[in-house]
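Computed from a prediction, not measured in an experiment: that's the story for all the values here. Both backbone and side-chain heavy atoms feed into the values below; hydrogens, waters and symmetry mates do not.
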Amino acid sequence: MKAIEGVNDVAFRIGFSGHSGHLRLEPLPPVERSDPLRSLPDFVIPPAFEPDTCESIKKYIEKEYLLPELDIDEFSPEKVGRIWDSDWFERAKVHLEPTMPRSTIVPQWELPYRRSKKGSAEGIWEPSSVEVDVSELMEGAQDCGTLPRLPSSAKDFVRGSISNRPFRPGGLDASQSSERILPEGALNGEWLREILKGGPPQIVPPGFKQGLDLGDLKEYPCSWKISECKNVLSESCKEKAKGLSVQFGDLFKKAWEEDTIEVTHEDDGADVLETKVEEEVHFPYATSDTLEIKVEMDVDATSNAIDSKSLGLDELLSTDTRGSMSKTDGASDNSQLQKDAWAVKGGSEDIADRFHDLVPDMALDFPFELDTFQKEAIYYLEKGESVFVAAHTSAGKTVVAEYAFALASKHCTRAVYTAPIKTISNQKFRDFCGKFDVGLLTGDISLRPEASCLIMTTEILRSMLYRGADIIRDIEWVIFDEVHYVNDVERGVVWEEVIIMLPRHVNIILLSATVPNTIEFADWIGRTKQKNIRVTGTTKRPVPLEHCLFYSGELYIVCDGENFLPRGFKTAKDVHKKKNLSASGGASGSHLGTMASHGGAQVRQRENATRGTQQKHGGSQSFSISQGSSGTSQNNSRSKRWEASLWLSLISKLSKKSLLPVVIFCFSKNRCDKSADNLPGTDLTSSSEKSAIRIFCDKAFSRLKGSDRNLPQVVRVQNLLRRGIGVHHAGLLPIVKEVVEMLFCRGVIKVLFSTETFAMGVNAPARTVVFDSLRKFDGKEFRQLLPGEYTQMAGRAGRRGLDKIGTVIVMCRDEIPDERDLKHVIFGSATRLESQFRLTYIMILHLLRVEELKVEDMLKRSFAEFHAQKKLPEKQQLLMLKLAQPTKQIECIQGEPAIEEYYEMWMEAKEHREFIFEKVMQSSAAQQFLSLGRVVIVKSESAQDHLLGVVVKAPSASSKQYIVVVLRPDLPLLTQSTSANDKSEEKGAGNFSQGYFIAPKSKRGFDDEYLSSTSNRKGTGAINIKLPHRGSAAGVNYEVIAIEPKDFLSICNCKIKVDQVRLLEDDSSTAYSKTVQQLLDLKSGGKYPAALDPIEDLKLKDITVLDAYRRWNILLQKMSENKCHGCIKFQEHASLVKEIFKHREEVDALKYQMSDEALQQMPDFQGRIDVLKEIGCIDSDLVVQMKGRVACEMNSGEELICTECLFENQLDDLEPEEAVALMSAFVFQQKNASEPSITPKLAEGRKRLYDTAIRLGELQAYFKLQIAPDEYAQDNLKFGLVEVVYEWAKGTPFADICELTDVPEGLIVRTIVRLDETCREFRNAAAIMGNSTLYKKMETASNAIKRDIVFAASLYITGV
């Protein structure tokens, strides 16, 4: 049809489209004019609508969406106060949006040189489509799961729900698996550019079988109209184009240009594909506001650039589909994926010097001058970066946490402080309560969860992340205190899980003691989260320490600051030697310092020596061991007096030197109690301090019932506290421990006997720290203290601002520590941060609930896999280089090459042969054949060929190895050495450099005859030569070696005569010459003697061996029929195919190392998946079933045993008291406890539960998990408190239940508190299962145990 002239010279034409006859409007390019001014019309019709500008769009949006107006008719002044009769919300016709689809189909665009034209009749490339998740096409979808979800209910806002989807972990976007990479057509406009150039359109819609036939499209020159902003009239054309408001057509232009740059500009230096833009600017009139810009995209230059440039494989592979991915996360850039280090070491003095200029408006002011590392950390926090602070105890790391809290309050966000121990959480809540809006979340407490600053245990935060708590959206900072706790075997995995699962919008603050691999750990976190981690800290102690030895009533300084003092150590050693000499000279006893002035008695040196020996081997338990070994009460009394006098002398010395208060670390709960009880006459407090202690204790214990106030432990501890002595360990009641901690912080406790948990869980420094011993029992064995443990506890010495120096004392009873051991524990390197990551069933089930969070991703991001994953870019480059190497071609003279097939058969036959011979060597028949004189073939790793040899000595009771003489033609020829026995022959034989001389038979003596395997002289069986023994005979080197049976390659079917005595005892060169000559005769023709037949000769009847033997013979037959067998070019082609196979193996090995199968814990993961399938937690498609959802609720006990207990209805026939008593086996942790006395019903329930654990253990062992069923049941079920919990649930007073067991009161309380959490988990599981009876039973059981002293409120929370 003819062209039609339109307004403003917009030319178009009308045509018909397809068979239906629809009209089609096609724009035409403008007509070229010679003189544009003459062709101007007399009058230009104004456009129907004004051109859109920034101001007009802004006004429209504000009017329509930001400034809504009320209906004038309904809300007029006359109708004020009107009450509508109908429900407006019910009458409102709200259009419900359809459910968002899980996936959609998008076009898939491919680079021209990668297209395949197969499958098309015309040989034209046909675009295809691919199915992708909707969330991957949505901006910001990375923050949550696959689908954007609505906020959950208010009750699940903090803790989350099992039905919620977890948030997408930060850093996951940058390393998505290949199957999740979006196709080009989903995000760019390359396919549209191709259509405009006349390329093939996508005529078949996604999901349809056929579409329209549009015919051959022609190239269409593009032009668009844009409006000019009036404020840029004076600028140049290029500057004007940047300031113009964009119309619809320009969006395509901008997208094309950006996509071209995005696809072609890569960080690896690939050639840039240029885009040619030609601009023609026409000004119809001087005052016109419109410009017409003609843009012609030179697509030919783009495509030809790829064809003409000889791009390498690396450059081609770098232009992958990931270039068009959404770059919402700045860290997902390819250059940052290749980043060498994500940990950025601090230490810039400029930050500290210009701190107030860099941070003029601080969120929190401190009343003291900040240290350099504190200023650096605060500066990085202000910049919104993550920080790792490593410093000694009491150095001021909490300042960084406080500033993060202040920033969260300033930004109206939230900050989370996590601690490894509940005690730290409670104490930090008290410390921060007056400064910030603080809440507390632990297993049994939920206090002010709406606060902006939350303190919780790390397990609680992990549960919130897995359960998708909506409060995660508001968190800006997560503070991990005591990060070195990641080394804990049981709980260290929690830290790794939380760090991996945190979303990308959360910044991380890590506070740790000084560790050697801070940079390594920070680099792992940065690589995992794809963000920089600033590392700062200090190795300087705020209060320097001096280390002393306390021996014989005196203090000897052995270390001052960082310097070891040999003089002090030597003085202590000299005193120890003099004391030992005097004791050996008949001294009846020894006087320990000022022991007599405190009422101490002299003890015989013999008893001291015995106790010292026990201390050496028994560590911290030497006192209890010496007591247990005493046969009489007299020895027991002497031991107590000696210990009391020792502590009295130490306390007296510290008091005189003003070194109180002191923390004495004993590595046993019993040791702490007995040491404190051994000081009945010691009183260290004044009358005013006694009054303060009594008032504080009365207030603290007033919240207890009358009977609980008179508990033996409460009364005993109060008596100690009034005298200024305290004890602190896990066996104390929680309220008693808190009283001790608070009184110690107030300075009224002068001497505190404590276990090492005091150094970890309580921020209470002292003037002095004393180590009762440098050995401890770690649950498995007695061992020396590690330097990190010593540093952690010694760091409590020295109060910042009060003491100029802190004192650390090591008790020496009867021995002085070795100087090397002492230096190691004081100056040794702290324990490295090591990964304790392990797979758990609950972790697997939580990750399987969400499709885009794979368990493999969690494994890859663990600290254990850090170094392997860090090397992946190098391996990827190496793989590409190997793939780019040209493969060598084998040209066969007989047609199609068959050498690869022959080589594969040879390799398979080799495997069968090795298997057969391994079984042969394990058989008794082979041992009989391996006798003296048996010819064998020995494996050789260095020689080109294997070694021919002969057995000269079989194994004996003293040696399990065979002595073999082997030929070594691969070694350089040695000059023959003649033994002493052959000197007589040497005189007449002359000097021969090689070979050997055989005298005529008439002149040979009887000893030279070599006719039997043994000589006339009976040997002793000794070996008088040094193995390996080398020599030369008959022009060939030989070697005498001792080998294992596995080193034999073959047992030959022949024997030779050897003289064992002359070979091994006499070292006769003649004997070796004759032996070597016989072996050379057997090797004539270059072939080894035939081997013994496994079936005919060795009579093997094993079915696997027979099958392998049959396959081996079949392969040998096929190899003989192959055309390569006997080929003249076989050796040449065999070397080529060996290189080809080696190259393939290297490529396959690299691919394997880069795959998920190479992960360390992948076999364990597969086994656990099989277990979950077997018990019904997941189905064959790895979809979590109801049983798996129930298992996700079990956090306090072993998830499999708890789940099976519920689904087998083992609690149905039990009363609530009986059920909760049986459930105590899930949470009780002490291994050794007295046997409880339980009812028959409970005994039956215990047997059922134990049988279930055994069955689950056997199932896991069946699927190759490293689990012993008995150990699995014993480790996860401990029934020591069943009777105690049963009586407590029935209402028995706490004092009475303590008499039923030998378990300390503190562990009883801890078990019952955790048991309440287990009841809550079982109740939630019952709701999922729909078991209302079990739900009510768990509710009743929980109420039965929640009473009195067990659930007394913490003093840190309620105050005193």
Side-chain angles (χ1 to χ4, degrees), residues 373-374 377 386-402 404-405 415-432 440-443 453-462 477-499 502 508-518 521-522 524-525 533 535-539 541-542 663 665 728 730 737 741 754-765 786-796 830-837 863 1356:
F373 80 93
Q374 293 170 337
S386 299
V387 180
F388 192 142
V389 181
H392 285 295
T393 305
S394 304
K397 299 188 292 291
T398 309
V399 168
V400 182
E402 292 181 2
F405 276 5
V416 171
Y417 181 97
T418 69
I421 299 176
K422 184 179 176 181
T423 304
I424 301 180
S425 300
N426 294 340
Q427 190 179 32
K428 293 299 181 183
F429 176 80
R430 182 198 63 177
D431 296 342
F432 294 149
L440 179 65
L441 295 175
T442 59
C453 304
L454 294 176
I455 299 173
M456 64 185 69
T457 57
T458 318
E459 282 81 1
I460 297 296
L461 180 57
R462 177 183 64 171
W477 305 97
V478 170
I479 305 151
F480 294 94
D481 198 3
E482 309 288 352
V483 175
H484 49 273
Y485 210 85
V486 75
N487 284 339
D488 186 76
V489 177
E490 294 296 327
R491 300 174 57 206
V493 61
V494 180
W495 273 256
E496 294 191 52
E497 286 184 75
V498 171
I499 291 172
L502 282 175
I508 300 172
I509 300 174
L510 303 112
L511 310 179
S512 170
T514 53
V515 290
N517 58 336
T518 304
F521 193 77
W524 164 69
I525 297 176
I533 306 294
V535 180
T536 184
T538 179
T539 57
R541 288 189 176 276
V663 177
F665 286 108
H728 188 281
K737 282 205 304 184
E741 293 164 6
S754 171
T755 56
E756 60 182 320
T757 55
F758 186 82
M760 172 71 74
V762 183
N763 184 17
L786 299 176
E789 297 170 338
Y790 181 88
T791 304
Q792 178 77 18
M793 288 180 273
R796 293 302 176 190
T831 306
R832 292 172 53 86
L833 295 178
E834 299 289 345
S835 175
Q836 303 297 334
F837 189 87
F863 190 36
Y1356 289 115

In terms of heavy-atom contacts, Tyr1356 and Asn426 come closest through CB-O, 3.3 Å
Heavy-atom pair of closest approach, residues Ala830 and Val515: CB-CA, 4.5 Å
Stepwise side-chain contact (heavy atoms from CB on, under 4.5 Å) check, Ile455 with Leu441: CA-CA 6 Å; Ile455 299 173; Leu441 295 175; over 6 Å; no
Taking atom CZ of Arg430 and atom CD of Glu741, what is their separation to the nearest 0.5 Å? 8.5 Å
Begin with the C-alpha distance, continue with both residues' side-chain angles, and end with the deciding distance and a verdict on side-chain contact (heavy atoms from CB on, under 4.5 Å) for Ile533 and Trp524. CA-CA 9 Å; Ile533 306 294; Trp524 164 69; over 6 Å; no
Test your reading of the model: is there a side-chain donor-acceptor pair from Glu482 to the backbone of Ala419, 3.5 Å cut-off? no
Sub-4.5 Å side-chain heavy-atom contact between Trp495 and Asn487: no
Derivation of the side-chain contact (heavy atoms from CB on, under 4.5 Å) call for Val389 and Leu510: CA-CA 6 Å; Val389 181; Leu510 303 112; over 6 Å; no
Return the NZ to CG distance between Lys422 and Leu440, rounded to the nearest 0.5 Å. 8.5 Å
Carefully, step by step, assess Val663 and Met793 under the rule side-chain contact (heavy atoms from CB on, under 4.5 Å). CA-CA 9 Å; Val663 177; Met793 288 180 273; over 6 Å; no
How close do Arg796 and Ala764 get, heavy atom to heavy atom, and via which atoms? NH1-N, 4.0 Å
Please answer whether the main-chain N or O of Ile508 pairs with a side-chain N or O of Ser386 as donor and acceptor at a distance below 3.5 Å. yes
Can you measure from OG1 (Thr418) to CG (Leu461) and round to the nearest 0.5 angstrom? 6.5 Å
Under 3.5 Å, side chain of Lys397 to main-chain N/O of His392, donor-acceptor pair present? yes
Should His484 and Thr831 count as side-chain neighbours, where that means a heavy-atom distance under 4.5 Å? no
Taking atom types as modelled, is there a side-chain donor on Ser835 or Glu496 under 3.5 Å from an acceptor on the other? yes
Using side chain to side chain donor-acceptor pair (under 3.5 Å) as the criterion, list what pairs up with Tyr485, not counting sequence neighbours. none
Shortest non-hydrogen contact between Gln836 and Val489, atoms and distance: OE1-CA, 3.9 Å
List in chain and number order the residues that pass salt bridge (Lys or Arg N to Asp or Glu O under 4.0 Å) with Arg491, two or more places apart in sequence or in another chain; answer none if no residue qualifies. Glu459
Classify the angle between the aromatic ring planes of Tyr417 and Phe405 as parallel (below 30°), tilted (30 to 60°) or perpendicular (above 60°). perpendicular
Centroid-to-centroid, Phe863 to Phe837, below 6.0 Å? no
Nearest heavy-atom pair of Gln792 and Ala759: which atoms, and what distance? NE2-O, 3.4 Å
Option from Val416, Val498, Ile525 for which side-chain contact (heavy atoms from CB on, under 4.5 Å) with Phe480 holds: Val498
For the CD1 atom of Ile509 and the CG atom of Asp481, what is their distance to the nearest 0.5 Å? 11.0 Å
Rounded to the nearest 0.5 Å, how far apart are NZ of Lys737 and OG1 of Thr423? 4.5 Å
Does the side chain of Val486 come within less than 4.5 Å of Glu834's, by heavy atoms? no
Output for pair (Thr458 OG1, Ile421 CD1), nearest 0.5 Å, gives 10.0 Å
A side-chain contact here means heavy atoms from C-beta on lying under 4.5 Å apart; do Thr518 and Phe388 qualify? yes
What are the two closest heavy atoms between Phe373 and Ala395, and how far apart are they? CZ-O, 3.6 Å
